[in-house]
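Below, chains carry the letters A, B, ... as their sequence lines are ordered, and counting in each starts from 1.
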Amino acid sequence: MAGPDNEGMRVRFAPSPTGALHIGGARTALYNWLLARKEGGAFVLRIEDTDRERSTPENVEQILDALRWLELDWDEGPLSQAERAARHREQIDRLLADGHAYEDEGAVRLRVPDEGETVVEDVIRGEVSFPHASIDDFVIARSDGSALYNLAVAVDDLDMGITHVIRGADHLSNTPRQAMILRALGASPPVYAHLPLLHGTDGKKLSKRHGAASVQQLREAGYLPEAVRNYIALLGWGLDASTTFMTTEQLIDGFSLERVSKSPAVFEEQKLRWMNGRYLRELSPKELADRLEARLGRDGLEHAAVVAQEKMQTLSDFWPLAGFLVERRPTDEEAWQKVMVEGARERLEAVRDALAYLDSFRLESIETALREVVERFEVKPKEVFQPLRVAIAGSTISPGIFESVAALGREETLARVDGALARLASPA
RNA sequence: GCCCCCAUGGUGUAGCGGUUAGCACGCGAGGUUUUCAACCUCGUAGGAGGGGUUCGAGUCCCCUUGGGGGUACCA
């Protein structure tokens with residue numbers, strides 16, 4: 001598919017460092033990256049930091065951090081737009097000298113014709129025309145001489161040899177201004193592609209109000225970078241009618257701007273959760289344990305991780321679900337009252353004995369032994385399993401009981417069962 | 001105000017003039033089962049409204065409505 005037209009494709013991601021990287025920005029970065037990788041082009045990272053107030057080193061680092069976490073590596077940069085001030089000034093002077101711009105109360109404005117229109121060729125939206133009558137002579141340099149956004153972007157894209165500008169649709173209206181600057185400079189505009197914006201579940205523009213809306217929040221919430229990548233790739237793009245899960249290779253292979261949709265998409269965390277759960281279950285025990293251990297700062301989580309794996313949707317689900325396998329925790333009183341009813345003590349004692357005298361404390365033998373207890377008492381399985389569950393987990397909710405017992409080990413299981421029995425023995 | 005973009009179920013989307021409008025999330029009901037946020041099955045719900053064009057329109061055109069973006073010496 002890599003036609004000769006795309007030979008030497010150069011794309012860029014140019015965030016302004018105003019804080020965390022939003023998923024909208026993350027998606028823009030992803031699409032640029034996918035295309036660069038697919039076409040063998042270059043992915044350039046440029047920081048639009050001409051607004052010195054908001055552009056702090058911390059904010060820049062946050063963006064780089066998010067990109068690294070998503071494993072979107074850039075080939076050039078990060079370049080600072082602010083550091084190119086001299087070059088911007090040079091081009092402003094040139095526009096001034098050529099008569100394309102003029103001074104107005106100290107600032108510099110670009111001359112925009114009264115008649116005619118500027119047509120933007122957009123890969124996603126087709127030809128979009130903007131009547132010049134609706135665009136006034138806009139300011140390209142402040143009275144202190146510094147360049148403004150549209151000038152800086154046009155000059156930088158030109159100097160960096162950017163061939164394809166892929167960015168959010170919120171930039172579409174500014175595109176004719178940038179194209180006019182480029183033409184005034186004697187250059188041709190690059191290929192444009194304006195991506196549909198991302199909205200929150202209320203239909204409004206995505207913001208902090210919409211829960212985990214930034215990459216760092218997603219990371220903290222326990223999502224996997226590969227799941228996030230897959231999910232956001234699908235926000236505004238799809239390979240075909242039914243493909244949902246795609247590896248990074250498949251994404252690179254199948255991505256195309258032609259299939260990007262035009263209408264805004266709503267970020268819905270529910271679907272991400274579901275998808276993340278699917279990714280989580282694909283991980284090997286080792287991989288899963290590694291990620292949990294890194295996240296929780298603990299070691300030796302593999303047994304517990306395997307036991308909890310099938311029920312987790314995010315890494316954060318692990319501790320509430322299976323933390324009891326790692327350390328003791330207080331018993332949920334409601335669960336205790338619900339389960340430790342008439343006869344529970346006898347059944348728990350039988351369970352204790354069955355487990356205490358097992359030859360091998362393995363999953364299969366544990367299950368056999370516990371099911372024997374069920375048969376002996378002629379009760380429903382849960383009459384036996386739930387008291388045991390509360391005894392070892394302190395909750396009526398846990399991973400599979402046999403797996404949990406096996407993961408806990410004989411000594412600890414018996415200790416906890418004994419603790420429960422002691423409480424049952426003492427008068428309330 | 002002016003300019004621009006968008007419009008398939010609650011959500012993400014498929015469709016590229018003729019389909020019982022497909023897939024997925026969610027939701028609902030069953031099932032599996034030792035609990036459960038896991039899993040399986042079935043189900044639920046849709047082309048904003050109005051005009052055209054056409055033998056035939058979600059698909060093409062126009063209008064209205066709705067949503068979004070821009071219009072800064074912000075980016």
Side-chain angles (χ1 to χ4, degrees), chain A residues 14-18 48-51 53-55 81 104-109 117 120 122 124-126 128-136 138-150 152-153 168-177 194 196-197 199 201 203-205 231-232 234-245 259 261-275 277-278 280-281 308-314 317 320-321 335 338-339 367 370-371 374 380-390 393 395-404:
Chain A
S16 57
T18 53
E48 313 232 301
D49 52 359
T50 53
D51 179 354
E53 310 284 301
R54 293 183 283 181
S55 307
Q81 189 164 64
D104 175 34
E105 292 181 35
V108 178
R109 289 179 183 275
E117 57 182 20
V120 172
D122 189 288
I124 297 168
R125 286 148 214 281
V128 185
S129 2
F130 298 82
H132 289 155
S134 66
I135 303 175
D136 37 40
F138 57 97
V139 178
I140 56 176
R142 300 184 177 91
S143 46
D144 68 2
S146 62
L148 244 29
Y149 174 71
N150 285 125
V153 168
D170 49 338
H171 291 287
L172 183 55
S173 296
N174 278 322
T175 305
R177 292 173 232 274
H194 287 93
L197 257 22
H199 290 174
T201 36
K204 299 264 174 62
K205 192 176 166 186
Y231 176 74
I232 64 179
L234 261 19
L235 246 29
W237 173 82
L239 179 65
D240 54 36
S242 58
T243 303
T244 301
F245 288 93
R259 288 193 64 84
S261 96
K262 293 198 267 272
S263 48
V266 173
F267 167 69
E268 214 168 17
E269 201 175 340
Q270 275 185 136
K271 189 158 187 173
L272 208 210
R273 283 189 68 83
W274 163 78
M275 181 170 271
R278 295 279 303 256
L280 229 32
R281 265 162 258 129
Q309 188 168 24
E310 67 168 37
K311 285 169 188 139
M312 293 161 52
Q313 284 197 307
T314 67
D317 291 343
L321 183 67
K338 186 178 173 187
V339 159
E367 174 162 3
L370 292 179
R371 288 199 187 280
V374 171
K380 288 183 175 175
K382 67 176 176 183
E383 309 282 345
V384 171
F385 299 154
Q386 284 301 72
L388 173 58
R389 192 186 308 278
V390 170
S395 161
T396 51
I397 296 170
S398 84
I401 193 67
F402 313 126
E403 290 81 358
S404 296

Rounded to whole Å, the CZ-C1' distance (F138(A) to rC3(B)) equals 14 Å
Classify F402(A) by what it touches in the nucleic acid, base, sugar-phosphate, or nothing, heavy-atom distance under 4.0 Å. base
Identify, with sequence neighbours excluded, every residue that meets side-chain hydrogen bond (donor to acceptor under 3.5 Å, both in side chains) alongside R142(A). S146(A)
Sorted by chain and number, sequence neighbours left out, side-chain hydrogen bond (donor to acceptor under 3.5 Å, both in side chains) with S398(A) holds for R389(A)
Quote, to the nearest angstrom, the C1' distance that separates rC5(B) from rC23(B). 28 Å
Whole angstrom value for the distance that separates C1' of rA14(B) from CG of L234(A): 12 Å
Taking the six-membered ring for Trp and the single ring otherwise, decide whether the centroids of Y231(A) and W237(A) are under 6.0 Å apart. no
Check whether any side-chain nitrogen or oxygen of R371(A) sits under 4.0 Å from OP1 or OP2 of rU33(B), and answer yes or no. no
Starting the side chain at C-beta, find the nucleotide from rA24(B), rU11(B), rC4(B) nearest to V128(A). rC4(B)
On a whole-Å scale, what distance lies between the P atoms belonging to rG52(B) and rG68(B)? 31 Å
Heavy atoms under 4.0 Å, any strand shown: does S129(A) hit a base, just sugar-phosphate, or nothing? sugar-phosphate
Just jot down the side-chain hydrogen bond (donor to acceptor under 3.5 Å, both in side chains) partners of R125(A), sequence neighbours excluded, or say none. none
P spacing across the pair rC16(B) / rU35(B), given as an integer number of angstrom: 47 Å
Is there a donor-acceptor pair closer than 3.5 Å between any side-chain N or O of E48(A) and the backbone N or O of Y149(A)? no
N/O to N/O distances under 3.5 Å, protein versus nucleotides 57-62 of chain B:
none

Output one line per pair: protein atom, nucleotide atom from nucleotides 19-22 of chain B, and distance, for all N/O pairs under 3.5 Å.
unit_1  : atom_1 : unit_2  : atom_2 : d
rG22(B) : N2     : A241(A) : O      : 2.8

Write down the atom of Q309(A), the atom of L280(A), and the distance for their closest heavy-atom approach. NE2-O, 2.8 Å
Output all residues satisfying side-chain hydrogen bond (donor to acceptor under 3.5 Å, both in side chains) with R371(A), sequence neighbours left out; order by chain, then residue number. E367(A)
Measuring from M275(A):CE to E269(A):CD, what's the distance to the nearest 0.5 Å? 14.0 Å
Taking D317(A) for its side chain and T314(A) for its backbone only, find out whether a donor-acceptor pair lies under 3.5 Å. yes
Main-chain N/O of D240(A) paired to T243(A) side chain as donor or acceptor, under 3.5 Å: no
Nearest-0.5 Å distance, CD1 of residue I124(A) to NE2 of residue H194(A): 8.5 Å
Measuring from the side chain of S263(A) (C-beta onward, heavy atoms only), which nucleotide among rC25(B), rU34(B), rA7(B) has the closest atom? rA7(B)
Interatomic distance where NZ belongs to K271(A) and P belongs to rA24(B) [whole Å]: 9 Å
Reported CD1-to-CD distance for the pair I397(A) and Q386(A), which is rounded to 0.5 angstrom: 9.0 Å
Set of residues satisfying side chain to side chain contact (heavy atoms under 4.5 Å, CB included) with respect to A335(A), sequence neighbours excluded: D332(A), V390(A), T396(A)
Using atom P of each nucleotide, how far apart are rU54(B) and rG1(B) to the nearest Å? 37 Å
Candidate nucleotides rU34(B), rG15(B), rC6(B), ranked by approach to the side chain of R259(A) - the nearest: rG15(B)
Anti or syn - rG69(B), cut at 90° from 0: anti
When every nucleotide of nucleotides 69-75 of chain B is labelled 5' to 3' by its protein contacts under 4.0 Å (heavy atoms), B for base, S for sugar-phosphate only, - for none, what sequence of letters results? BSS-BBB
rU11(B) C1' sits how many Å from F267(A) CZ, rounded? 12 Å
Between rC63(B) and rA21(B), how far apart are the two C1' atoms, rounded to whole Å? 26 Å
Paired stretches of RNA chain B - 3 or more consecutive Watson-Crick or G-U pairs, each distance under 3.5 Å: B:1-7 with B:65-71, B:10-13 with B:22-25, B:26-31 with B:39-44, B:48-52 with B:60-64
Across all chains, not counting sequence neighbours, the ring pair (Phe, Tyr, Trp, His ring centres under 6.0 Å) partners of F130(A) are none
Please check if the side chain of R259(A) supplies one atom and the backbone of G238(A) the other of a donor-acceptor pair under 3.5 Å. yes
Span that lies between the P atom of rG69(B) and that of rG28(B), in whole angstrom: 33 Å
For R177(A), all residues meeting salt bridge (Lys or Arg N to Asp or Glu O under 4.0 Å), sequence neighbours excluded: none
How far does the P atom of rU8(B) sit from the matching atom of rG47(B), given to the nearest Å? 10 Å
Please check: side-chain N/O of D104(A) versus main-chain N/O of R109(A), any donor-acceptor pairing under 3.5 Å? no
Provide the distance between the two P atoms, one in rU59(B) and one in rG67(B), to the nearest whole Å. 22 Å
Which residue lies toward the 5' end of RNA chain B, E268(A) or R125(A), if each is placed at its nearest nucleotide? R125(A)
Quick one: L272(A) CG to rC25(B) C1', roughly how many Å, whole number? 11 Å
Using a 4.0 Å heavy-atom cut-off, write out nucleotides 35-50 of chain B from 5' to 3' as B (base contacted by protein), S (sugar-phosphate only) or - (no contact). BB-SS-----------
Measure the spacing between CE of M312(A) and CZ of R281(A) and express it to the nearest 0.5 Å. 9.5 Å
